[in-house]
Structures are given as structure tokens and as C-alpha cells.
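Take a look at the structure set out below.
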Amino acid sequence: MKHFVTDAVQATLAALHQQGVLKTSAPRAVGFSVDPPKNAAHGDFACNVAMVLAKVEGQPPRKLAEAIVAGLVDVHGAIDKVDIAGPGFLNFTLSARAVTGVVRTVLAAGETWGRSPSSGKRVLVEYVSANPTGPVHIGHARGTFVGDALARLLSAAGHDVVREFYVNDWGKQVETLGRTIHKRYRELFGQQVTLVDGEYPAEYVKDLARAWKDEDGACWLDQPEALWLERAIEVGVRENVTAIKRTLALAGAQHDTFFSESTLHKAGRVRAIVDTYRARGATYDADVARGTEDKVRRDESKAAQFEDRQKGGTFLLTADHGDDEDRIILRRDGTPVYLTADLTYHHDKFERGFDRIVDVFGADHAGHVPRLKAGMTLLGHDAKKLEFVLVQIVRLVRDGQEVKVSKRKGTVFELADLIDEVGADPCRFIFLMKTANAQIDFDLDIVQKKANDNPVYTFQYGHARCASILKKAAEQGQPFAGLDALTPAVLDALMLPEERAMLKKMSLLPEVVANAADTLEPHRVLYFCQELIAEFHSYFTKYKRTERVITDDRDKTQARLALVAAVKATLKSAFAILGVDAPDHMTAPEEDA
RNA sequence: GCACCCGUAGCUCAGCUGGAUAGAGCAUCUGGCUUCGAACCAGAGGGUCGGGAGUUCGAAUCUCUCCGGGUGCGCCA
């Protein structure tokens, strides 16, 4: 619908250029906008092209506006009138048929309205990637829902999306897990064990040990660590990943691939990447990174705290490409660090040929962004393809106090429990309503109280109401006859300003989705839904006694049912993009006394 | 100390990459169900868009600088 205006403006600019009225050689290149104005009195779409052109043309905007109006080329024959207003806005009013035609467009697309045709682009979204040392906890909740919604969104925008989970099944943390499991395992055979600091005291480790015992029996009981550790890790990681998948399913999130870090090590690819960097001259051996000899660090910073463990080794020239300092990739003893494997992993992502590579990270990993980008640049990759969504910290609050969750102390608040308590959709909503990069408080008391008046129900209610009206019409002998019966003449019945406004709004969904996918901001789709639903409720209530949907006028009834069906389809499609259920029926909550 | 994020109504947050009179939900107050779903609607109050300067036809939006809150700055992962 908006393209009626955009096309007309572009055609007009081209014509004016040919006539010599405009000097600008490439009027298309100027970035003008066509947007629905806030004030409905300003028509259907407002265009700022005259003001944008004013400078290059050296003419006052209003004069340019007049020239455009005078020479308007209405490509689609959809424009009723154009007004010049304010500093030089062009306010377009579209013909009634141009507006009502949206109903047919939306209904033809049905529940896929808003989705774009295939872009041919491949996008990788990595999200959650919780350590396989335990269950998914509340700290992963936001990344889980945001990542899942992003994947849905990118897919809706026409991209071929792969959802990936990176399994950190290598290194000290899983080794510690393996040792803890072995202790619990011994415990199952009646041995006395005591956990040391850093090991995992939580109950679930006992389950892991039990699974191990069931499979292997007592054979690892009195063996040296060198023999059983790998097996303990294997069983522990496998069981944890299974549990993680179960929780993610509860959250409505699915991954296509689980990428194991250890396979990179075992295949020698981590070593290989270091060799590649070396061959490219991107490394050097030293005790400390260049330029950091007299770097001032806060005493309480961890860098200062762990200074004695930093013995030097092989560094990568990440500081040449935007990082604060060069990063070590091989320790003095020749072992690779976490970053080295992560660089290898991201190199693999690039080699798989994606057009966009999106990482959903917790904000505490913000420091990785410049390193990874620099590392990819040093391999000759286009680091612009690598994008990050930094999900900010969620502060957990209970009784007005911040709750400290800690794996070390075994005080884990599992995502599965949260979903169980609040419900997946309300939970999803809480996280999707805000931009990812704003930190939020998650008040457990309020969440429980609010589980019943969560905004998600307002949204779903809008959809259920549409469904109910369509059902009612059928019961009263006037079922919605579908697209075929909707001639333009029938649709002329949709004349109310509110109807026009809703149609205009619905026509914008594809753009909203494309835009949200582009900027990686799923909340835009949510706010679109909110606005459409509000308009619908308002419309419905306002005309409850005067202009009802179901009347004796069969054509008018069909036209309005079509509108309702279009709203319903739009909502259903948009909800699916967010990952929220769109029920046809809802039962009202209990009234509070 | 350095880097990144945030600061908009009492609270939680939008604000479409610079547009016309800054919005929504919650909370407070007033009103609305004999007929398509009241988990709804209509209305009211509530704002130095953290402060200041700059860029221009035009700034919540861009730049700079302060203030306040957060997170990083590890040879843990």
C-alpha cells in the first residue's frame, strides 16, 4: 500500500529530472521517507522528499513540493489527493479502493502475511549455548527467548536460518564436572567423599553419577583419573545436553545443530588455526601483550587478581583491528585458551558460507565482540557479517532483594522451574517486550502475581475475539464466504476511519518484520501487534451499538468479516513470528474479590 | 583509569535509524455490559525526554562534554 506512494514519488522525481526541473542527477539516491503520519488529519502517508531535496536543489522545500504535486505521476492510480503542509511535507491521501484492497492482499497471504519471499540468504543464529555442566538456568532465559524470536524473525524475513547451540564440552569446567561426577559415583558405592571448592555441589550431579553407574557398573571405581575422566565427561555432558534440550523444548525453542567444541580440539583444528595465524604473520611470542606492560588496571579487576597466572605465550594481533589489546591464543605450555577454540568455531561458521552470522551473547561476554571480529578479520573474513546481540543482565529480585544465583553454591534457579511457575508465553513476553540491550529486573514476586494479568493475555484475547466473531457469524447463518466473494464493490462498505486505519496498519506488517529482522529487534513486531489490537478493541467497542460487524446487510457483513479475518490472520502470523500461541478461545480469569 | 550498554509519565518500557501536538501498559480517579467475548473500551491527571553545548528548515533520535546506574577489561569457559 505504501508502495503506491513510494512508486509515485520516484516516478515523479524521474519525470521532473527529465524535464529539467530537478538538477539532482539521481533523485532516487536521496533517502526520502514515506511514513504514516501520527496525525490522521495529515492523510495516509507523509513524504519528506521536498525537504530532503531542498539543500541539493538549492530551492525552498515548499517550492519543490509544489513542483512535485504539479507534476505528480500516479503510477498505480491510487492517490486521491496530495497536500503540502508544514515546512514542506507531502501528505498523500489514497483512494478508498487502494485502502480496502489490503483486505484481499492480507487474506490471500493468510497466516503467512508479513513474511517475505525467500531472500536466498543464509543466516546462522547461535543462542543459549549454556555450559553443559548443568541445567539451563534463569540467566539463560532472556537469551533463549530473544534468540528464538530472532531466529523466527529472520526466517519470516525470508532468510534460510540455522539455529545453533555451541557446546563447551572441553576445558577446565567440564573436567571439574567429570571429577565431581566421579565423586558422586564413588558415593553410590558407599565411599566417603568431600567436594573441594569449585566442584559442583548441586543435586543433579548425583543423577549424572547414577546414570553413569547404570551404564558402566563399578568398573571405574578404583581406577586413576586419567582413565575415567574422559568417560565421566562424556556421560555428564551427554546427560546435561539432554536435559538442556528438554528445557528448551518447554521454552518453545529449538536448535537445528549442536556444535561440539571438543570435536574442534580432537580434529586438530584449533592447532591448525594457530598455524594459520602464524603463517599470516598475525602472532608473536611474548610474556605480556604489546603495550600492556604498564597498563593501569583497577586493583579489584580480575586481570590484576589473576596476574600471577599469566605467564605469556603466543599472542594474536587483535589490537590492530579494534581490540583493546592483543589476546593470547597459546599458553606458555602450548595449550590453547577458550578464545582460540572460539576463533576456530567462528572460522568454521564463515567457512559454512553464511551471509549473516548472529551471536546472541550475555552482556558479560561483551568483551568477546572485538576479539572475535578482529580474529575473523585476521583470517581474511568480512567481520561485518558477524553480528552480536548482547542480551543485558537480568537482575533476579525476590522480596525486594537481589537473588544471587551461583552454580558454585548449588543455588541454581532453573529455567524449567520458571516456565513451570509462570508459563512459557508470559515468560517469553516479559523478555520480548524490551530491547535486548537494556538491563532489566526480574521480580519473582511480581511475576507470579502478574502471571494472571500479563500483557500476553491482552494480545491473545484480541485474536480470540476475532475468532469468536467469525464463529458467531457462522452460527447466525452468515459465515465468512472467503476471498472469492470479496469484490471491490463489496469492500467499499469499509468506510469508517477506524477500518481504514486498521487496513493501513496491517499493510505495514511485512515492512515491520523486514525492519525488525534487519535490526535484530523482535520487540518491534510485538509493539506492532499491540497497536493493531488496541485499534481493533477500540473499533469494536465504539461501534458495538451502531455499526456492528454482523448485520442484515449481507455485503457489509461480508466486508467486515473480511476485515476481522484479516486482523486475525495478521495477529496469528505476527504471533508465530514471536513464538507466541494464538488461541481461538480463552477462559476469563477468576474475579478477585 | 579504559571500553561498551542504559537514563523518556509515580512504576515498567516504546518512539519506525532526523520529522508535524513525545506514546503504550501498569498504578490512581471518573464513566461504560438486555444484543457480535468487559482478559475490553471511553475520559482525566501525570513530562526541564538526566544536565549543558553544538550540528540544521527541524533533535528524545546525530556529535561533544559533564552527572547518575550497570557490565566488562582472565593465560576461566
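Below, chains carry the letters A, B, ... as their sequence lines are ordered, and counting in each starts from 1. Nothing here was measured: the structure is a model prediction, and the numbers come from that model. Quick note: numbers below take in every heavy atom, side chains included, and nothing from hydrogens, waters or symmetry partners.
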Kindly indicate whether the side chain of A/Tyr200, heavy atoms from C-beta on, has any atom under 4.5 Å from the side chain of A/Thr133.
yes
Report yes if at least one side-chain N or O of A/Lys472 is closer than 4.0 Å to OP1 or OP2 of B/U35; otherwise report no.
no
Side-chain contact check for A/Ser468: nearest option of B/G37, B/C76, B/A3 is B/G37
Scanning both residues in full, the closest heavy-atom pair of A/Met586 with A/Gln460 reads SD-C, 3.5 Å
Out of B/C13, B/G37, B/C76, which nucleotide sits closest to the side chain of A/Gln173?
B/C76
If only side-chain N and O atoms of A/Ser538 are considered, is one of them under 4.0 Å from the OP1 or OP2 phosphate oxygen of B/A42?
yes
Rounded to whole Å, the CD-P distance (A/Glu521 to B/C5) equals 13 Å
What distance, rounded to whole Å, do you find between the two C1' atoms, one in B/C49 and one in B/C67?
16 Å
Counting only side-chain heavy atoms from C-beta out, which of B/A20, B/A77, B/C40 sits nearest to A/Phe89?
B/A20
Is any N or O donor-acceptor pair between the side chain of A/Asn91 and the base of B/A20 shorter than 3.5 Å?
yes
Taking only N and O in the side chain of A/Thr435, is any of them less than 4.0 Å away from OP1 or OP2 of B/A14?
yes
Check: A/Glu175 and A/Ile233 side chains under 4.5 Å, non-hydrogen atoms:
yes
With side chain to side chain contact (heavy atoms under 4.5 Å, CB included) as the criterion, how do A/Glu325 and A/Phe315 come out once you've worked through the C-alpha distance, each side chain's angles and the decisive distance to 0.1 Å?
CA-CA 10 Å; A/Glu325 58 185 79; A/Phe315 288 84; over 6 Å; no
Base-pairing mate for B/G1 - Watson-Crick or G-U, with both contacts under 3.5 Å:
B/C73
Looking only at B/C57, B/A77, B/C40, the nucleotide nearest the A/Asn131 side chain is B/A77
Measure from CG on A/Leu53 to P on B/G19 and round the result to the nearest Å.
17 Å
Considering only side-chain heavy atoms of A/Ala85, which listed nucleotide, B/G15, B/A20, B/G19, is closest?
B/A20
In whole angstroms, how far is the C1' atom of B/G72 from the CZ atom of A/Arg371?
9 Å
Could you tell me how far B/G19 sits from B/C11 if I compare only their P atoms? Round to whole Å.
27 Å
If I pick the P atom on B/G58 and the same atom on B/U48, what distance separates them, to the nearest angstrom?
24 Å
Centroid under 5.5 Å and tilt under 30°, A/Tyr527 to B/A14
no
When the nearest nucleotide of RNA chain B is assigned to A/Met586 and to A/Asp287 on a heavy-atom basis, which residue is associated with the more 5' position?
A/Met586
When you compare the side chain of A/Val389 with that of A/Phe361, does any pair of heavy atoms fall below 4.5 Å?
no
B/G72 versus B/U65 - spacing of their C1' atoms, nearest Å
24 Å
If the cut-off is 4.0 Å, is A/Lys172 near the phosphate of B/A77, judged by side-chain N/O to OP1 or OP2?
no
Just to confirm, is there a sub-4.0 Å distance from OP1 or OP2 of B/A20 to any side-chain nitrogen or oxygen of A/Lys38?
yes
A/Tyr457 vs B/A39: side-chain N/O to OP1/OP2 distance below 4.0 Å:
no
For atom CD of A/Gln392 and atom P of B/G7, their distance in whole Å:
11 Å
Base of B/G72, side chain of A/Asp364 - is there a donor-acceptor contact under 3.5 Å?
no
May I ask which nucleotide in the shown strands pairs with B/A24, Watson-Crick or G-U wobble, both distances under 3.5 Å?
B/U12
Under-3.5 Å donor-acceptor pair between A/His368 side chain and B/A77 base:
yes
Taking B/G50 as the reference, what is the distance to B/C6 when you measure between their C1' atoms (whole Å, please)?
11 Å
Atom-pair distance (CG on A/Asn39; P on B/A20), nearest Å
10 Å
So, is A/Thr541 close to the B/C41 phosphate, meaning a side-chain N or O under 4.0 Å from OP1 or OP2?
no
A/Gln530 side-chain proximity, nearest of B/A42, B/A24, B/C13
B/A24
Between CZ of A/Arg545 and C1' of B/A38 the distance, given in whole Å, is 12 Å
Think A/Ser33 has a side-chain N or O under 4.0 angstrom from the OP1 or OP2 of B/G19?
no
For B/C16 and B/C62, measure between their P atoms and round to the nearest Å.
9 Å
Using the ring of each side chain (for Trp, its six-membered ring), is A/Trp170 parallel, tilted or perpendicular to A/His265, with breaks at 30° and 60°?
parallel
Kindly point out which of B/A38, B/C73, B/A77 is positioned nearest to the side chain of A/Val337?
B/A77
Using atom P in both nucleotides, what's the gap between B/C41 and B/G47 to the nearest angstrom?
24 Å
Using the C1' atom in both, what is the distance from B/A14 to B/C57, to the nearest Å?
28 Å
Establish, from distance only, whether the side-chain atoms of A/Glu164 and A/Tyr127 form a donor-acceptor pair under 3.5 Å.
no
May I ask you to test the A/Val167-A/Phe259 pair for a side-chain heavy-atom distance under 4.5 Å?
no
From the candidates B/A20, B/A38, B/C41, the one with an atom nearest any side-chain atom of A/Tyr461 is B/A38
Considering Watson-Crick and G-U wobble pairs with both distances under 3.5 Å, what does B/G43 pair with?
B/C29
Kindly confirm whether the side-chain ring of A/His523 is stacked on the base of B/A14, judged by centres under 5.5 Å and planes under 30°.
no
Quickly work out the A/Asp323 CG to B/G74 P distance and round it to whole Å.
10 Å
Nearest-Å distance, CG (A/Leu526) to P (B/G15)?
11 Å
Could you tell me which nucleotide pairs with B/U56 by Watson-Crick or G-U wobble geometry, both distances under 3.5 Å, or answer none if nothing does?
none
